[in-house]
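Written below as structure tokens is the structure these notes are about.
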Amino acid sequence: MKKPVLHLAAIIGLIAAALSIPVAAQGEPVRVAEFLAECPISHRLADDPIVLPNLAGASHSHDFFGNHSTTARSTTPQSLEGQSGNCNPVSDISSYWVPTLYRNNTAIAPTGVTFYYLGEGVNNPGAIQPTPYGLKIVAGNAKATGDHDSIARWSCLHAGHVNPSKNFVTCPAGTMLETYLDFPQCWDGRNLDSADHKSHMSYPVAGGCPSSHPVSVPKLRMVLRYPVSGSTSGLRLASGTGQTMHGDFFNVWPRAEMERRVRNCINVVMKCDHAGNHG
């Protein structure tokens, strides 16, 4: 009598059942509130259209992602409308920028750049609203003097045993230096910018937005991976130490595209692809 042959899926199911591990049904959407854009470096300029508007060359060097046309004069959403970008999806012509990374005096471009829009951070993702068109957000502290005033986070891709730090970390050979910044996601509901470029936004408190900033929008997480491993000697940002890592975001997503993704991905807690679709 022939012994029954168990297929791999059945074996996995039996193991999962024995260990009480839930197994998602085949084809079932991943229940994570997320959509994303991947945008390689577009250009490099000593400009900052949010902090130093209309002052070309007045900033430290920044690496720009997304909209190809961003300069110090890109102060209104209309200045970026109708321009091309390099994001996937192509509908995202927003502008993102971070300080340039150097080893000694050689600039190092990130080889992987992903911008995640997430429903985490607040307890009710169903109440998250689309990011307002033209909203400007800054995360991090370009003038940080230590860990106490920094929100930077550096780690090593595929090397979880290396503890993350607010400054550069030594990554094993074959891995990459990685950093990410979480942007504030609570909006005051009125201002697309503020004098200090931060007061119109706030981080959530205990899973909710404070009454001063009652509108929750998707949390933007900026993740960059650099082809760097080994010694951190000579590494610096254009703004200073790794603790000064900061990022800027100028939202020029087409309104309908942003609204669709928030409705179809964030509010219903679904992981979407680049096109904003799930399942």
Side-chain angles (χ1 to χ4, degrees), residues 22 24-25 27-39 65-67 77 80-81 85-96 98 112-140 151 153 179-193 198 200-224 247-279:
E28 181 179 325
V30 178
R31 299 308 298 261
V32 176
E34 173 190 306
F35 65 93
L36 76 162
E38 292 185 285
C39 314
F65 314 95
N67 201 301
L80 297 172
E81 286 175 1
N86 63 2
C87 292
N88 179 12
V90 294
S91 54
D92 181 14
I93 57 167
S94 299
S95 186
Y96 311 82
V98 299
V113 185
T114 306
F115 303 102
Y116 295 95
Y117 292 80
L118 305 168
E120 63 182 51
V122 293
N123 294 330
N124 183 11
I128 290 177
Q129 300 296 309
T131 305
Y133 189 74
L135 184 67
K136 299 175 182 179
I137 317 180
V138 176
I151 67 163
R153 188 179 190 276
T179 185
Y180 75 72
L181 285 172
D182 283 350
F183 283 62
Q185 67 188 108
C186 297
W187 179 46
D188 68 9
R190 301 182 304 277
N191 302 294
L192 297 177
D193 195 7
K198 292 191 175 184
H200 62 302
M201 300 297 297
S202 173
Y203 286 93
V205 177
C209 285
S211 58
S212 58
H213 296 76
V215 182
S216 57
V217 300
K219 177 167 77 174
L220 174 62
R221 173 171 291 167
M222 181 182 285
V223 180
L224 300 100
D248 298 63
F249 169 53
F250 192 173
N251 177 40
V252 199
W253 276 88
R255 291 178 179 85
E257 288 295 321
M258 171 62 70
E259 291 169 0
R260 182 175 68 84
R261 284 167 168 79
V262 170
R263 182 176 64 250
N264 291 350
C265 313
I266 302 295
N267 295 153
V268 295
V269 191
M270 292 288 188
K271 182 180 177 69
C272 288
D273 58 19
H274 291 88
N277 300 318
H278 59 76

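Note: hydrogens, waters and symmetry copies are ignored here, and every other heavy atom, side chains too, is used.
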Classify the ring geometry of Tyr117 against Phe249: parallel below 30°, tilted from 30° to 60°, perpendicular beyond 60°.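 Correct class here is perpendicular.
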Trp187: what forms a side chain to side chain donor-acceptor pair (under 3.5 Å) with it, not counting sequence neighbours?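 Once residues adjacent in sequence are excluded, Trp187 has no partner under the side chain to side chain donor-acceptor pair (under 3.5 Å) criterion.
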Among all residues two or more places apart in sequence or in another chain, which pass the side chain to side chain donor-acceptor pair (under 3.5 Å) test with Glu34?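 Here the qualifying residues are Lys271.
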Distance check, rounded to the nearest 0.5 Å: [X] atom [atom1] versus [Y] atom [atom2]?
| X | Y | atom1 | atom2 | answer |
| --- | --- | --- | --- | --- |
| Ile266 | Leu118 | CD1 | CG | 6.5 Å |
| Ser91 | His274 | OG | NE2 | 11.0 Å |
| Asn86 | Asp92 | CG | CG | 9.5 Å |
| Cys209 | Asp188 | SG | CG | 11.0 Å |
| His200 | Ile137 | NE2 | CD1 | 6.5 Å |
| Cys265 | Asn277 | SG | CG | 7.5 Å |

Are the side chain of [X] and the backbone of [Y] linked by a donor-acceptor contact shorter than 3.5 Å?
| X | Y | answer |
| --- | --- | --- |
| Arg31 | Val268 | yes |
| Asn267 | Pro125 | yes |
| Ser216 | Cys186 | no |

Would Met201 and Leu135 count as a side-chain contact (heavy atoms from CB on, under 4.5 Å) if you check the C-alpha gap in whole Å, the side-chain angles of each, and the deciding distance to 0.1 Å? CA-CA 10 Å; Met201 300 297 297; Leu135 184 67; 4.1 Å; yes
Looking only at heavy atoms, what is the nearest atom pair of [X] and [Y], with distance?
| X | Y | answer |
| --- | --- | --- |
| Gly189 | Val215 | CA-CG2, 4.0 Å |
| Val217 | Pro132 | CG1-CD, 4.0 Å |
| Glu38 | Thr114 | OE2-OG1, 3.5 Å |
| Gln185 | Gly121 | OE1-CA, 3.7 Å |
| Ala139 | Tyr203 | CB-OH, 4.1 Å |
| Pro218 | Val262 | CG-CG2, 3.8 Å |

Kindly indicate, with the supporting measurements, whether the criterion side-chain contact (heavy atoms from CB on, under 4.5 Å) is fulfilled by Ile151 and Asp182. CA-CA 8 Å; Ile151 67 163; Asp182 283 350; over 6 Å; no
Counterpart residues, salt bridge (charged side-chain N to carboxylate O under 4.0 Å, His left out), relative to Glu257 (two or more places apart):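 Partners of Glu257 by the salt bridge (charged side-chain N to carboxylate O under 4.0 Å, His left out) criterion, ordered by chain and then number, come out as Arg260, Arg261.
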Report the residues that fulfil salt bridge (charged side-chain N to carboxylate O under 4.0 Å, His left out) with Asp193, sequence neighbours left out, ordered by chain and then residue number.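 So Asp193 forms no salt bridge (charged side-chain N to carboxylate O under 4.0 Å, His left out) with any residue.
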Walk me through it: do Phe250 and Asp248 pass the test side-chain contact (heavy atoms from CB on, under 4.5 Å)? CA-CA 7 Å; Phe250 192 173; Asp248 298 63; over 6 Å; no
Would you say the side chain of Leu80 lies within less than 4.5 Å of the side chain of Ile93, judging by non-hydrogen atoms?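 Heavy-atom side-chain distance check fails, nothing below 4.5 Å.
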Validation row: Trp253, Glu259 side chains within 4.5 angstrom (heavy atoms):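 They are not in contact (no side-chain heavy atoms under 4.5 Å apart), so the answer is no.
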Quick one: which residue pairs count as a side-chain hydrogen bond (donor to acceptor under 3.5 Å, both in side chains) with a foot in residues 119-134, not counting sequence neighbours?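 Those involving residues 119-134 are Glu81-Tyr133, Glu120-Lys219, Glu120-Arg221.
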Going by the rule ring pair (Phe, Tyr, Trp, His ring centres under 6.0 Å), which residues pair with Phe115 if we only count those two or more places apart in sequence or in a different chain?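 Partners of Phe115 by the ring pair (Phe, Tyr, Trp, His ring centres under 6.0 Å) criterion, ordered by chain and then number, come out as Tyr96.
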